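Please read these numbers as outputs of a predicted model, since none were measured by experiment.
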Amino acid sequence: MGYGSGELIIRSYNAQNDRVRVEGLESICEVGPADKPFLFTDTLGDPICRIKNSPIYNMLVAELGGQLVGVIQGTIKLVTLHKPPKNVAKVGYILGLRVAPAYRRHGIGSRLVTKLEEWFVACDVDYTYMATEKDNEASNKLFVNKLGYVKFRTPAILVNPVNHHRSSQISSNFKLTKLKIEEAESLYRKYLSSTEFFPIDIGNILRNKLSLGTWVSYPKGETWGKVPTSWAMLSVWNCGELFKLRLGNVPISCFMYTKSSQLIQKFLPCFKLPSIPDFFDPFGFYFIYGVYGEGPLYGKLVKSLCNFVHNMASSKPKDCKVIVTEIGGNDTRSKLHIPHRKSMSCSEDLWCIKSLKNEDRKSFHKLTTVPPTRALFVDPREV
């Protein structure tokens with residue numbers, strides 16, 4: 001295909017030659033629908049920061065007339081999937097698709113995706129999947145209408161702003177314990193290894209320096225050595241160490257309201273107005289993953305763990321302004337008890353999936369039509 005300025009070249013990312021140009025592209029590309037508030041990503045000088053912790057990863061760049069006009073990233077891992085005749089599959093994840101605004105609607109995005117899929121096929125990947133906003137019309141048209149992806153799951157993204165002036169209350173009726181990495185890995189393999197998209201290399205995630213730890217909560221008077229009557233667990237990943245976000249395309253009224261609320265909170269705390277973080281400057285966030293538990297007190301125990309994470313984040317004003325949790329769309333018992341701001345959260349994100357092996361069409365149909373399990377494991381390395 002001709003592009004007016006020469007032939008489109010798609011090749012692997014070269015840090016020495018491409019880093020500055022990719023950062024420049026990232027700075028002008030918004031994340032999300034253009035007619036709504038969107039996020040800019042600051043990769044802190046490392047364009048592959050979002051994929052380098054995955055087992056296998058690749059980044060492709062598109063050049064036109066010597067100018068870098070597009071990028072895409074992909075990762076590969078083994079996960080559990082409920083499909084016959086086996087429940088383990090090699091999956092490729094697509095993220096970070098960016099095309100320079102002046103070069104959009106010329107097929108560059110689809111060419112980048114196709115080239116990345118070719119790399120997946122060469123690596124014997126079974127399925128490729130991606131995540132996007134449910135109302136992102138451009139993304140849905142590209143992946144679903146043009147490239148043959150199928151809408152697969154609709155997880156919920158819960159966002160809770162961090163109030164650095166006020167601690168969240170933790171019930172004195174519960175005990176919180178930080179697990180050793182080996183204990184956390186054993187617990188996840190025992191209870192979550194059959195859930196959708198559970199990573200086989202969970203141990204590598206827990207041992208990563210970005211994983212701040214795994215905590216359990218259970219009623220006081222009971223011991224963790226013997227399985228409590230009720231318990232809950234979660235792990236925390238520090239995304240702010242990798243990249244920062246910044247909000248754009250926000251009405252001036254929202255900007256003024258944010259600044260005003262911060263001043264009132266600072267100088268007149270007696271009013272006890274809800275504090276709104278400043279999202280107009282780059283900010284980091286904590287990501288809660290691996291939420292699970294059992295028993296009649298599960299909801300209250302999950303809430304106590306989330307409040308603990310909030311208090312941990314509130315002591316790091318430069319590192320964390322929000323706490324993000326992503327759970328299965330039908331995991332209503334967790335959603336009811338995980339603190340979040342409804343106006344900032346997304347009740348239905350969208351995962352789309354595609355089979356890369358023709359002989360797997362029958363099992364792929366079953367995979368995409370079977371009702372989802374309650375739990376869905378969201379890998380923090382792919383946030």
Side-chain angles (χ1 to χ4, degrees), residues 53-55 77-80 87-88 158 168 170-242 285-313 315-316 319-320 323-328 331 333-334 337-339 373-383:
N53 290 293
S54 296
K77 64 181 178 181
L78 286 172
V79 302
T80 55
N87 68 343
V88 175
L158 310 177
S168 295
I170 300 175
S171 174
S172 58
N173 296 323
F174 303 141
K175 185 174 182 180
L176 274 66
T177 300
K178 185 177 183 179
L179 298 180
K180 295 180 180 179
I181 292 176
E182 295 74 19
E183 292 177 309
E185 181 177 356
S186 176
L187 204 61
Y188 276 127
R189 292 194 185 280
K190 179 178 180 179
Y191 290 100
L192 291 181
S193 61
S194 62
T195 61
E196 286 186 321
F197 283 85
F198 179 80
I200 302 304
D201 68 332
I202 180 65
N204 290 336
I205 297 175
L206 298 172
R207 289 176 176 82
N208 192 291
K209 66 177 182 179
L210 298 173
S211 194
L212 301 181
T214 301
W215 288 265
V216 292
S217 179
Y218 50 95
K220 260 187 179 176
E222 300 190 42
T223 60
W224 182 247
K226 184 180 179 181
V227 180
T229 55
S230 293
W231 61 277
M233 68 181 295
L234 55 75
S235 298
V236 183
W237 185 270
N238 185 7
C239 294
E241 285 289 317
L242 284 179
F285 64 98
Y286 285 173
F287 184 77
I288 292 177
Y289 67 100
V291 180
Y292 187 77
E294 296 181 344
L297 295 177
Y298 167 76
K300 293 181 178 180
L301 292 167
V302 164
K303 185 174 182 179
S304 70
L305 285 171
C306 291
N307 286 344
F308 168 78
V309 175
H310 174 274
N311 293 344
M312 182 170 64
S315 65
K316 306 286 185 180
D319 295 340
C320 182
I323 298 169
V324 180
T325 311
E326 190 166 2
I327 58 175
D331 188 2
R333 69 168 189 158
S334 295
H337 299 282
I338 294 176
T373 58
R374 180 185 60 79
L376 176 70
F377 196 98
V378 181
D379 194 329
R381 297 172 298 190
E382 297 174 351
V383 174

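- His310 approaches Ile323 most closely through the heavy-atom pair CA-CD1, 3.4 Å.
- Across all non-hydrogen atoms, the minimal contact from Pro339 to Lys303 is CG-CG, 4.3 Å.
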- [ ] Before giving the answer on salt bridge (charged side-chain N to carboxylate O under 4.0 Å, His left out), spell out for Glu185 and Arg207 the whole-Å C-alpha distance, their side-chain angles and the decisive distance to 0.1 Å.
- [x] CA-CA 10 Å; Glu185 181 177 356; Arg207 289 176 176 82; 3.0 Å; yes
Open item on the list: Is there a side-chain contact (heavy atoms from CB on, under 4.5 Å) between Asp201 and Leu78? Walk through the geometry before answering.
Closed with: CA-CA 8 Å; Asp201 68 332; Leu78 286 172; over 6 Å; no
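- Qualifying side chain to side chain contact (heavy atoms under 4.5 Å, CB included) partners for Lys77, counting only residues two or more places apart in sequence or in other chains: Pro55, Val79, Val91, Tyr129, Asp379, Arg381, Glu382.
- When each of Leu234, Asp331, Leu192 is paired with Val291, the side-chain contact (heavy atoms from CB on, under 4.5 Å) condition holds for Leu234 and for no other.
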- [ ] Test side-chain contact (heavy atoms from CB on, under 4.5 Å) on Leu210 and Leu242 and set out the steps.
- [x] CA-CA 8 Å; Leu210 298 173; Leu242 284 179; 3.4 Å; yes
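- Note that CZ of Phe308 is 6.0 Å distant from CG of Leu176, once rounded to the nearest 0.5 Å.
- Aromatic pair Tyr191/Trp231: centroids less than 6.0 angstrom apart.
- With hydrogens and angles disregarded, a donor-acceptor distance shorter than 3.5 Å links the side chain of Arg189 to the backbone of Ile200.
- Separation of atoms CD1 (Ile181) and CD1 (Ile202) is listed at 11.0 Å; rounding is to 0.5 Å.
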Task: Test side-chain contact (heavy atoms from CB on, under 4.5 Å) applied to Phe174 and Leu305, step by step - done: CA-CA 10 Å; Phe174 303 141; Leu305 285 171; over 6 Å; no
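- Side-chain atoms of Ser304 and Ser217 include a donor-acceptor pair closer than 3.5 Å.
- Counting all heavy atoms, side chain and backbone alike, Ser193 lies closest to Thr80 at O-CG2, 2.9 Å.
- Checking side-chain atoms of Ser315 against main-chain N and O of Met312 turns up a donor-acceptor pair under 3.5 Å.
- Looking only at side-chain heavy atoms (C-beta outward), Leu212 and Trp237 stay at 4.5 Å or farther from each other.
- Between Ile288 and Val309 there is a side-chain heavy-atom pair separated by less than 4.5 Å.
- A salt bridge is absent between Lys175 and Glu222; no separation between the charged side-chain nitrogens and carboxylate oxygens falls under 4.0 Å.
- Separating the NZ atom in Lys300 from the CG atom in Asn173 is a distance of 8.5 Å, to the nearest 0.5 Å.
- Not counting sequence neighbours, the partners of Ser235 by the side chain to side chain contact (heavy atoms under 4.5 Å, CB included) test are Tyr188, Leu206, Thr214, Tyr289.
- A donor atom on one side chain and an acceptor atom on the other are found under 3.5 Å apart for Tyr218 and Thr177.
- When every heavy atom of Ser334 is checked against every heavy atom of Tyr298, the shortest pair comes out as OG-OH, 2.7 Å.
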TODO: Just do the side-chain contact (heavy atoms from CB on, under 4.5 Å) check on Tyr292 and Leu187 with the steps written out, would you?
DONE: CA-CA 10 Å; Tyr292 187 77; Leu187 204 61; over 6 Å; no
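- Residues Ile327 and Leu158 form a side-chain contact, since some pair of their non-hydrogen atoms from C-beta on lies under 4.5 Å apart.
- When atom types are taken as modelled, the side chain of Asn311 and the backbone of Ser168 share a donor-acceptor pair closer than 3.5 angstrom.
- Using a 4.5 Å heavy-atom cutoff, the side chains of Ser211 and Val236 are not in contact.
- Of the inter-residue distances, the one linking Phe198 atom CZ with Phe377 atom CZ reads 6.0 Å to the nearest 0.5 angstrom.
- Considering OG of Ser172 and NZ of Lys220, their distance stands at 6.0 Å, rounded to 0.5 Å.
- Considering every non-hydrogen atom in both Pro219 and Ser230, the closest pair reads CD-O, 3.2 Å.
- Going from atom CG of Asn307 over to atom CD1 of Ile170 covers 6.0 Å, rounded to the nearest 0.5 Å.
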